[in-house]
Amino acid sequence: MCGRYAASRRPEDLAGIFGIEKWEPEEILEPDFNVAPTKEVYAVLDRALKDVPDPRPVRQLRKLKWGLVPSWSKSPEGGARMINARAETVHEKPSYRRAFSTRRCILPADGYYEWVTGRQERDLEVEGKKKRPRKQPYFVTPADGSVFAMAGLYEFWRDGTLPDDHPRAWWVTCSVITTEAESGPLAVSPADGPHTLAEIHPRMPLMLTPDHWDAWLDPSRTDTDELRGLLAPPPSGLMRAYPVGTAVSNVRNNGPELLKELAAPEEGTLF
């Protein structure tokens with residue numbers, strides 16, 4: 001799954017990476033090293049601009065809220081639970097299928113966090129000596145330092161209780177698409193840690209490689225079978241995973257120090 005990630009790149013950097021043509025100065029976000037559900041995040045999307053004669057889609061960097069609210073929803077309350085959409089069923093689920101057809105995006109990240117219950121902790125839990133095992137957070141990121149381009153969906157929701165000119169009348173929300181975690185060896189893995197992503201968690205965000213970006217963002221592509229073909233996981237061996245401090249477990253903590261690699265998992269959480 002993807003329940004927390006880091007996103008520190010500036011708009012000008014993302015513009016160069018993704019070929020972004022437009023972003024609004026009022027939508028600038030500060031680097032966030034502990035992105036959690038319901039936070040505002042950057043999304044790359046292709047969409048025609050309002051009030052211009054040219055109907056072509058323009059690649060934009062937009063600020064969206066993480067946690068998708070379907071357009072038909074009566075309230076936005078369920079958005080915090082709809083942070084992930086499964087690649088295997090996204091085309092058929094009522095909450096996602098319309099967005100999958102025409103409102104796809106890329107959520108740029110440095111990488112994502114996942115928590116692993118250490119072997120010692122699991123043993124204590126099995127023996128009934130510990131009810132809440134301590135978990136070791138790991139940061140998963142491309143081994144070459146490139147952007148982690150997560151496949152995403154976005155949706156518009158109208159708050160019927162507000163007038164049309166109210167700044168919060170329209171919500172634009174998003175979800176991360178997840179897939180089965182890679183079972184092949186990591187490009188780099190810690191000696192005392194997991195050697196595959198599947199050993200960390202059975203699911204992972206779907207990372208799109210650059211050769212899939214244009215097709216994924218193209219709103220004119222609506223054929224379900226063709227789009228599902230873009231959901232193939234990337235080649236294995238592109239990622240590295242390393243242990244980080246447990247400070248990231250508290251969403252109030254933020255800063256580049258959260259990405260600092262530990263020499264070994266913290267005591268009691270050895271893999």
If I compare all heavy atoms of Glu199 with all of Pro194, which pair ends up nearest, and what's the gap? OE1-CA, 3.3 Å

Heavy atoms only: give me the nearest Gln60-Ala48 pair and the separation to one decimal. NE2-O, 4.2 Å

When rounded to the nearest 0.5 angstrom, what is the spacing between CZ in Arg228 and CZ in Phe100? 7.5 Å

So, the side chain of Ser73 versus the backbone of Pro76: is there a donor-acceptor pair under 3.5 Å, distance only? no

Without swapping roles, check the side chain of Gln136 against the backbone of Thr246 for a donor-acceptor pair under 3.5 Å. no

Going only through I, L, V, M, F, W and Y residues with side-chain contacts under 4.5 Å, is there a path from Tyr113 to Ile83? no

Partners passing side chain to side chain donor-acceptor pair (under 3.5 Å) against Asn250 (at least two apart in sequence or in another chain): none

Taking every heavy atom of Pro142 against every heavy atom of Ser146, the minimum-distance pair comes out as CG-O, 3.4 Å

Donor-acceptor pair, side chain of Arg62 and main chain of Val172, under 3.5 angstrom: no

Val176 and Trp66 have their tightest heavy-atom pair at CG2-NE1, 3.7 Å

Could you pull out all donor-acceptor pairs under 3.5 Å where a side-chain atom in residues 212-221 meets a protein atom, sequence neighbours excluded?
| from | atom 1 | to | atom 2 | distance (Å) |
| --- | --- | --- | --- | --- |
| Trp213 | NE1 | Leu208 | O | 2.9 |
| Trp213 | NE1 | Thr209 | O | 3.4 |
| Asp214 | OD1 | Arg59 | NH1 | 3.1 |
| Asp214 | OD1 | Arg59 | NH2 | 3.0 |
| Trp216 | NE1 | Cys105 | O | 2.8 |
| Asp218 | OD1 | Ser220 | N | 2.9 |
| Asp218 | OD1 | Ser220 | OG | 2.7 |
| Asp218 | OD2 | Ser220 | OG | 3.1 |
| Arg221 | NH1 | Glu226 | OE2 | 2.2 |

Is there a donor-acceptor pair under 3.5 Å between the side chain of Asp46 and the backbone N or O of Pro57? no

Nearest 0.5 angstrom please: Tyr112 OH to Met207 CE, how far? 10.5 Å

Listed by chain and number, what are the salt bridge (Lys or Arg N to Asp or Glu O under 4.0 Å) partners of Asp225, not counting sequence neighbours? none

Before you tell me yes or no, could you show the steps for Val251 and Arg4 under side-chain contact (heavy atoms from CB on, under 4.5 Å), namely the whole-Å CA-CA distance, both residues' side-chain angles and the distance that decides it to 0.1 Å? CA-CA 9 Å; Val251 71; Arg4 207 82 63 83; 4.2 Å; yes

Is Met82 reachable from Ile177 through a run of hydrophobic residues whose side-chain heavy atoms are each under 4.5 Å from the next? yes

Hphob cluster co-occupancy, Ile20 + Val147, side-chain heavy atoms under 4.5 angstrom: yes

Say whether, by atom type as modelled, one donor and one acceptor occur between the side chain of Lys65 and the main chain of Thr173 under 3.5 angstrom. no

Over 60° means perpendicular and under 30° means parallel, so tell me whether Trp170 and Phe156 are parallel, tilted or perpendicular. perpendicular

Identify whether Ile28 and Ile17 are in the same connected component of the hydrophobic contact network (ILVMFWY, side-chain heavy atoms under 4.5 Å). yes

Can you check whether Leu231 reaches His91 side chain to side chain, under 4.5 Å on heavy atoms? no

Val244 side chain reached by Leu258 side chain, heavy atoms, under 4.5 Å: no

Test item: Pro234 and Leu206 side chains (from C-beta on) under 4.5 Å apart, heavy atoms: yes

Measure the spacing between CZ of Arg98 and CZ of Arg103 and express it to the nearest 0.5 Å. 6.0 Å

Does Arg86 form a side-chain contact (heavy atoms from CB on, under 4.5 Å) with Lys93? I'd like the steps, not just the answer. CA-CA 9 Å; Arg86 295 175 67 93; Lys93 292 293 184 181; over 6 Å; no

Any donor-acceptor N/O pair, Tyr42 side chain to Leu29 backbone, under 3.5 Å: yes

Once you round to the nearest 0.5 Å, how far does CG of Asp144 lie from CE of Met239? 9.5 Å

Side-chain (Tyr242) to main-chain (Thr141) donor-acceptor, under 3.5 angstrom: no

Going by the rule side chain to side chain donor-acceptor pair (under 3.5 Å), which residues pair with Asn84 if we only count those two or more places apart in sequence or in a different chain? none

Please list every donor-acceptor pair under 3.5 Å in which a side-chain atom of residues 6-15 meets a protein atom from a residue at least two apart or in another chain.
| from | atom 1 | to | atom 2 | distance (Å) |
| --- | --- | --- | --- | --- |
| Ser8 | OG | Asp110 | OD1 | 3.3 |
| Ser8 | OG | Asp110 | OD2 | 2.8 |
| Arg9 | NH1 | Asp110 | OD1 | 3.0 |
| Arg9 | NH2 | Gly145 | O | 3.0 |

Nearest non-hydrogen partners of Trp72 and Ser95, listed with the distance: CZ2-OG, 3.8 Å

Leu68 with Leu45, same ILVMFWY side-chain cluster at under 4.5 Å: no

Is a side-chain N or O of Asn34 found less than 3.5 angstrom from the main chain of Asn254, in a donor-acceptor match? no

Please determine whether side-chain contact (heavy atoms from CB on, under 4.5 Å) holds for the pair Val248 and Trp115, giving the CA-CA distance in whole Å, both sets of side-chain angles, and the decisive distance to 0.1 Å. CA-CA 10 Å; Val248 72; Trp115 282 256; 3.8 Å; yes

Do the side chains of Glu27 and Lys22 get close enough for a salt bridge, i.e. N-O under 4.0 angstrom? no

Closest approach of Ala241 and Val140, non-hydrogen atoms and distance? CB-CG2, 4.1 Å

Selection residues 156-169 - residue pairs positive for side chain to side chain donor-acceptor pair (under 3.5 Å), sequence neighbours left out: Arg158-Asp164, Asp159-Thr161

Measuring from Thr178:OG1 to Met150:CE, what's the distance to the nearest 0.5 Å? 11.0 Å

In this structure, CD of Glu24 is separated from NZ of Lys63 (nearest 0.5 Å) by 10.5 Å

